[in-house]
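Hydrogens, waters and symmetry mates play no part in the numbers below; they use all other heavy atoms, side chains included.
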Amino acid sequence: MLKVHQVELPDRWLLGPAPQLSPAAPDAGVVPLNNLGVGTVVDLSRWGLRREPTVAEGGDLATFSGDKLLGGPQAGFIVGHRDLIAQINRNPLKQALRLDKIRIAALQATLRLCRDPDRLANRLAVLQMLARPQPDIAAQAKRRRSPRLRPSAQGATLRLRQPAGRARCRRPRSRRPGCG
């Protein structure tokens, strides 16, 4: 049985509120798997952000992303009860899906930051950016807006350049549609 965080699904797939995982599933031999989506180890509402399910709330077996809100390198986590993780570790596919040593070291450093939630917003870049006040974010967006994207005077023209690495067409347009 799989429960997927709504952020991970296109709206057209949602038929209503996400169902709760059935507590009777393990009795029927079904392992409830909770896909938490972005995955966070702390409650984000303390910084004024929308509350996301935390890893601790994942249940018997949960998956989540190591980048996004956790702020580490791109990786997928599977966490849960020791016996369920042991079953997953016995699967031959596990060898193909394992992480390299560099990624493990980066995740370890990121998770060490999470040990101190009171200082996390100052130490974890993704949370530091997300937890800023809305006026600060708007001011930065205004400063960084490219002059090319600003509304220009009437009659201005836009010149497009050939992207680097694309071959130029040498035949007339009539012979090779789309080139020129």
Side-chain angles (χ1 to χ4, degrees), residues 1-138 140-141:
M1 179 186 322
L2 173 65
K3 176 183 175 186
V4 178
H5 190 276
Q6 284 185 311
V7 171
E8 300 291 321
L9 293 174
D11 288 341
R12 67 180 185 277
W13 291 3
L14 299 177
L15 302 175
Q20 295 298 315
L21 291 175
S22 171
D27 296 336
V30 177
V31 176
L33 172 62
N34 190 356
N35 178 358
L36 298 172
V38 295
T40 181
V41 293
V42 295
D43 182 3
L44 299 174
S45 63
R46 71 190 297 172
W47 293 286
L49 300 170
R50 185 181 73 208
R51 189 181 185 317
E52 295 287 335
T54 65
V55 173
E57 299 164 345
D60 294 344
L61 197 59
T63 60
F64 62 96
S65 182
D67 51 349
K68 299 177 185 165
L69 286 179
L70 187 60
Q74 188 173 17
F77 279 86
I78 302 174
V79 297
H81 289 288
R82 189 178 304 265
D83 59 325
L84 296 173
I85 297 298
Q87 288 178 34
I88 291 169
N89 282 335
R90 286 192 295 270
N91 189 307
L93 282 177
K94 190 240 179 202
Q95 182 72 15
L97 300 174
R98 68 184 179 164
L99 293 177
D100 59 83
K101 292 175 185 175
I102 301 290
R103 205 171 303 262
I104 290 172
L107 284 168
Q108 189 176 29
T110 302
L111 291 171
R112 278 192 188 119
L113 295 176
C114 297
R115 288 182 179 172
D116 186 3
D118 294 329
R119 294 178 41 206
L120 191 58
N122 296 328
R123 299 168 74 198
L124 190 61
V126 67
L127 190 53
Q128 189 175 37
M129 289 185 280
L130 290 172
R132 292 179 301 158
Q134 186 70 28
D136 291 355
I137 296 171
Q140 181 180 8

Candidate pair F64 and V79, rule side chain to side chain contact (heavy atoms under 4.5 Å, CB included), full reasoning: CA-CA 9 Å; F64 62 96; V79 297; 3.8 Å; yes

What are the two closest non-hydrogen atoms of C114 and L70, and how far apart are they? SG-CD1, 4.1 Å

Tell me, yes or no, whether the heavy-atom count around Q74 atom CD, taken from other residues, nucleotides or ligands under 6.0 Å, exceeds 12. no

We want to know whether R132 and Q140 form a side-chain donor-acceptor pair, criterion being a heavy-atom distance below 3.5 angstrom. yes

P73 to L107 - nearest heavy-atom pair and separation: CD-CD2, 3.6 Å

Using side-chain heavy atoms (C-beta onward) and a distance below 4.5 Å, is R123 in contact with D116? yes

Less than 4.5 Å apart, any side-chain heavy atom of V55 and any of F77? no

Trace of the side chain to side chain contact (heavy atoms under 4.5 Å, CB included) decision for I85 with L61: CA-CA 8 Å; I85 297 298; L61 197 59; 3.9 Å; yes

Tightest non-hydrogen contact, residues P53 and L36, listed as CB-CD2, 3.8 Å

Just distance, no hydrogens or angles: give the donor-acceptor pairs under 3.5 Å from side chains in residues 41-48, sequence neighbours left out.
unit_1	atom_1	unit_2	atom_2	d
D43	OD1	S45	N	3.1
D43	OD1	S45	OG	2.9
D43	OD2	S45	OG	2.9
R46	NH2	D118	OD1	2.6

How close do L124 and L69 get, counting heavy atoms only, and between which atoms? CD2-O, 4.2 Å

Test side chain to side chain contact (heavy atoms under 4.5 Å, CB included) on L49 and L127 and set out the steps. CA-CA 10 Å; L49 300 170; L127 190 53; 3.9 Å; yes

Crowding at CD1, I78 (>12 non-hydrogen neighbours, <6.0 Å): no

Any chance you could measure R115, atom CZ, to L111, atom CG, to the nearest 0.5 Å? 9.0 Å

Answer yes or no: is there a side-chain heavy-atom contact under 4.5 Å between L84 and D60? yes

Side-chain donor/acceptor of E57 to backbone N/O of T54, under 3.5 Å: yes

Qualifying residues under side chain to side chain donor-acceptor pair (under 3.5 Å), relative to D67, sequence neighbours excluded: S65

Under 4.0 Å between a Lys/Arg side-chain N and an Asp/Glu carboxylate O for E52 and K68? no

Take atom CG in L97; do more than 12 heavy atoms of anything else shown fall under 6.0 Å from it? yes

Could you give me the CA-CA distance, side-chain angles and deciding distance for D100 and I104, then say whether side chain to side chain contact (heavy atoms under 4.5 Å, CB included) is met? CA-CA 6 Å; D100 59 83; I104 290 172; over 6 Å; no

